[in-house]
Chemist: 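Pasting a structure here, questions to come.
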Amino acid sequence: MPRAPRTPRLPRLPRRPQRRRRFVPDFDPAHGDTELSRALDDIAIGRWQGMRELLGGPAGEDRARRTHRIRVLAHAAAGSSATRIWLAAEPDSGDAAVLRAATEVVRVFHLAIAAGHGTAPDRARIDAAARTCLDAARKHPDDPMPWVSLLTLARLYEGGVPRRDLRRWWDEMRRRDPYNVEGHVQMLRYHSARWHGTHGRMYDFARDAAGASPPGSPLPVLVQIARAEEYRYIADGAQGRVVRGFDQHWKHELAVTEIRRTWERWILWRADGPVAPHLIAELNYLVHAACHAGLLQEAAGLFRLLEGRAAHLPWAYTGDAAAQFTAWRARLLGTP
């Protein structure tokens with residue numbers, strides 16, 4: 001019986017090399033918080049129910065996560081009527097009042113930015129935002145966020161606020177959440193030379209808070225935030241002129257020592273697993289400082305923890321944020 005003819009084998013085509021996807025830093029302010037992302041989508045289509053569900057859920061007991069969520073929601077809602085509609089629908093809602101207050105503070109800052117540097121915003125508008133914060137504090141007496149909003153707003157008062165008021169706002173915030181990172185950051189900026197203090201006062205505040213924080217707290221990174229704020233202030237004032245010794249700003253002995261101290265007090269104490277979304281902004285400050293200080297092994301480890309999640313600050317203080325984050329990450333992790 002004759003055999004069936006063989007089917008001729010076609011020559012194999014060479015495989016095309018797979019292109020590696022180009023890395024793009026993720027600047028999403030939710031930093032991987034999927035529930036927060038859904039609430040932000042609701043704001044974009046004019047719904048407020050997602051905000052209510054987010055802030056009223058069981059995660060609301062996590063102060064750090066709640067503070068982060070309110071801050072991000074406030075920035076997203078500042079250009080919409082979502083918080084006003086929510087409060088009109090539920091006038092007794094403490095969550096709605098707290099978010100409305102945070103949103104009003106964001107709006108006043110937008111007005112200040114639009115007015116330009118050196119121009120004080122309308123005092124009546126600042127006072128109105130402060131009253132909104134105090135009303136929120138009455139409606140949600142256990143929440144530190146209205147006091148964080150007041151500490152944020154304090155920067156906009158020409159000449160600052162009376163020391164007695166500032167101290168009261170600070171004490172009220174700390175009574176509810178003694179290690180609230182956002183509240184500490186706002187107080188640090190108030191004491192900075194850009195606003196109502198000096199570099200010395202800012203560093204004193206940062207180091208005192210860092211020293212008093214428990215192991216595993218991110219508060220030691222306040223010192224790196226202070227260094228970034230000082231850099232921005234000096235760079236803005238120099239306007240391109242050479243400042244003697246400025247090239248050592250990030251890498252002198254004290255700066256390096258303090259980065260290592262933050263690493264030891266915060267990073268070495270953290271539990272294994274992904275970094276929580278509400279810590280990504282602070283972690284960006286630490287990896288930025290480590291890069292510029294030449295602590296490349298530590299910086300590489302921090303980039304791995306970030307998993308591509310980026311924050312515009314402090315990278316924007318030293319150039320294009322996306323370009324810097326990408327270049328440093330590629331250099332240290334060997335990825336495009």
Side-chain angles (χ1 to χ4, degrees), residues 27-31 36-37 39-48 50-51 54-55 67-88 95-137 145-161 166 169 173 181-183 185-192 194-196 225 228-229 232-233 236 278 281 284 310-317 320-322:
F27 285 101
D28 178 7
H31 295 318
L36 174 57
S37 293
L40 293 173
D41 290 341
D42 264 15
I43 294 173
I45 62 174
R47 294 184 73 252
W48 54 267
M51 298 185 293
L54 181 72
L55 298 182
T67 298
H68 168 69
R69 286 175 166 180
I70 291 173
R71 184 180 62 81
V72 175
L73 289 173
H75 280 271
S80 75
S81 57
T83 55
R84 178 179 58 79
I85 295 173
W86 180 13
L87 198 55
D95 288 337
V98 169
L99 182 55
R100 177 69 190 279
T103 303
E104 285 302 308
V105 172
V106 172
R107 286 173 176 154
V108 177
F109 265 88
H110 286 174
L111 290 174
I113 293 169
H117 182 66
T119 304
D122 179 41
R123 171 64 183 258
R125 184 65 188 271
I126 302 175
D127 287 342
R131 287 192 295 271
T132 304
C133 294
L134 292 169
D135 179 65
M145 192 59 199
W147 305 102
V148 174
S149 295
L150 281 167
L151 292 171
T152 306
L153 189 67
R155 302 209 308 269
L156 292 180
Y157 279 99
E158 190 171 9
V161 297
L166 184 69
W169 298 350
M173 187 275 292
V181 176
E182 182 67 15
V185 171
Q186 297 305 327
M187 193 67 153
L188 180 147
R189 288 182 174 144
Y190 182 91
H191 287 307
S192 71
R194 177 174 290 277
W195 293 99
H196 304 295
I225 296 175
E229 291 296 321
R232 180 191 181 194
Y233 182 86
D236 286 354
H278 58 266
N284 269 266
H312 285 283
L313 299 183
W315 302 99
Y317 290 170
D320 180 84

Chemist: Given side chains that start at C-beta, do those of Leu54 and Leu36 come closer than 4.5 Å, heavy atoms only?
Modeler: yes

Chemist: If the plane angle is over 60° it's perpendicular, under 30° parallel, otherwise tilted; pick one for Trp195 and Phe109.
Modeler: perpendicular

Chemist: Write down the atom of Trp169, the atom of Ala154, and the distance for their closest heavy-atom approach.
Modeler: CZ3-CB, 3.9 Å

Chemist: Minimum heavy-atom separation for Ala316 to Leu313, with atom names?
Modeler: CB-CD2, 4.2 Å

Chemist: So, do His68 and His31 sit near enough that their side-chain heavy atoms are less than 4.5 Å apart?
Modeler: yes

Chemist: Which distance, rounded to the nearest 0.5 Å, do you find between the CD1 of Ile225 and the OG of Ser192?
Modeler: 12.0 Å

Chemist: Given side chains that start at C-beta, do those of Asp28 and Ser37 come closer than 4.5 Å, heavy atoms only?
Modeler: yes

Chemist: Start with the C-alpha gap between Tyr190 and Leu166, add the side-chain angles, then the distance that decides, and say whether side chain to side chain contact (heavy atoms under 4.5 Å, CB included) holds.
Modeler: CA-CA 10 Å; Tyr190 182 91; Leu166 184 69; 3.3 Å; yes

Chemist: Please check this pair: side chain of His75 against backbone of Val106, looking for a donor-acceptor N/O pair closer than 3.5 Å.
Modeler: no

Chemist: Looking at Arg189 and Glu229, is any side-chain nitrogen of the basic one under 4.0 Å from a carboxylate oxygen of the acidic one?
Modeler: yes

Chemist: What are the two closest non-hydrogen atoms of Val98 and Met145, and how far apart are they?
Modeler: CG1-CB, 3.8 Å

Chemist: Are any non-hydrogen side-chain atoms of Trp86 and Leu99 less than 4.5 angstrom apart?
Modeler: yes

Chemist: Check this for me: Phe27, atom CZ, are more than 12 non-hydrogen atoms of other residues, nucleotides or ligands nearer than 6.0 Å?
Modeler: yes

Chemist: Give a yes or no answer on whether the side chain of Ser80 reaches the backbone of Ala76 with a donor-acceptor pair at less than 3.5 Å.
Modeler: no

Chemist: Ignoring hydrogens and angles, tell me if any N or O in the side chain of Asn284 forms a donor-acceptor pair with the backbone of Ala311 under 3.5 Å.
Modeler: yes

Chemist: Identify the heavy atoms of Leu153 and Ile126 that sit nearest to each other, and give their distance.
Modeler: CD2-O, 3.5 Å

Chemist: How many angstroms lie between atom CZ of Arg69 and atom NE2 of His278, to the nearest 0.5 angstrom?
Modeler: 10.0 Å

Chemist: So, taking the atom named CZ in Arg71 and the one named OG1 in Thr152, what distance separates them when rounded to the nearest 0.5 Å?
Modeler: 9.5 Å

Chemist: Under a plain distance cut-off of 3.5 Å, with no hydrogens placed, do Tyr157 and Asp127 share a side-chain donor-acceptor pair?
Modeler: yes

Chemist: Specify the closest pair of heavy atoms between Ile70 and Ala102, including all atoms of both residues, with the distance to one decimal.
Modeler: CG2-CB, 3.8 Å

Chemist: Quick one: do Arg155 and Arg194 satisfy side chain to side chain contact (heavy atoms under 4.5 Å, CB included)? Show the steps, please.
Modeler: CA-CA 10 Å; Arg155 302 209 308 269; Arg194 177 174 290 277; over 6 Å; no

Chemist: Hey, which of Asp42, Thr83, Ile43, Thr103 is the one that makes side-chain contact (heavy atoms from CB on, under 4.5 Å) with Leu73?
Modeler: Ile43

Chemist: At their closest point, which heavy atom of Gly160 faces which heavy atom of His196, and how far apart are they?
Modeler: N-CE1, 3.1 Å

Chemist: Does Asp135 pair with Arg100 as a salt bridge, N-O distance under 4.0 Å?
Modeler: no

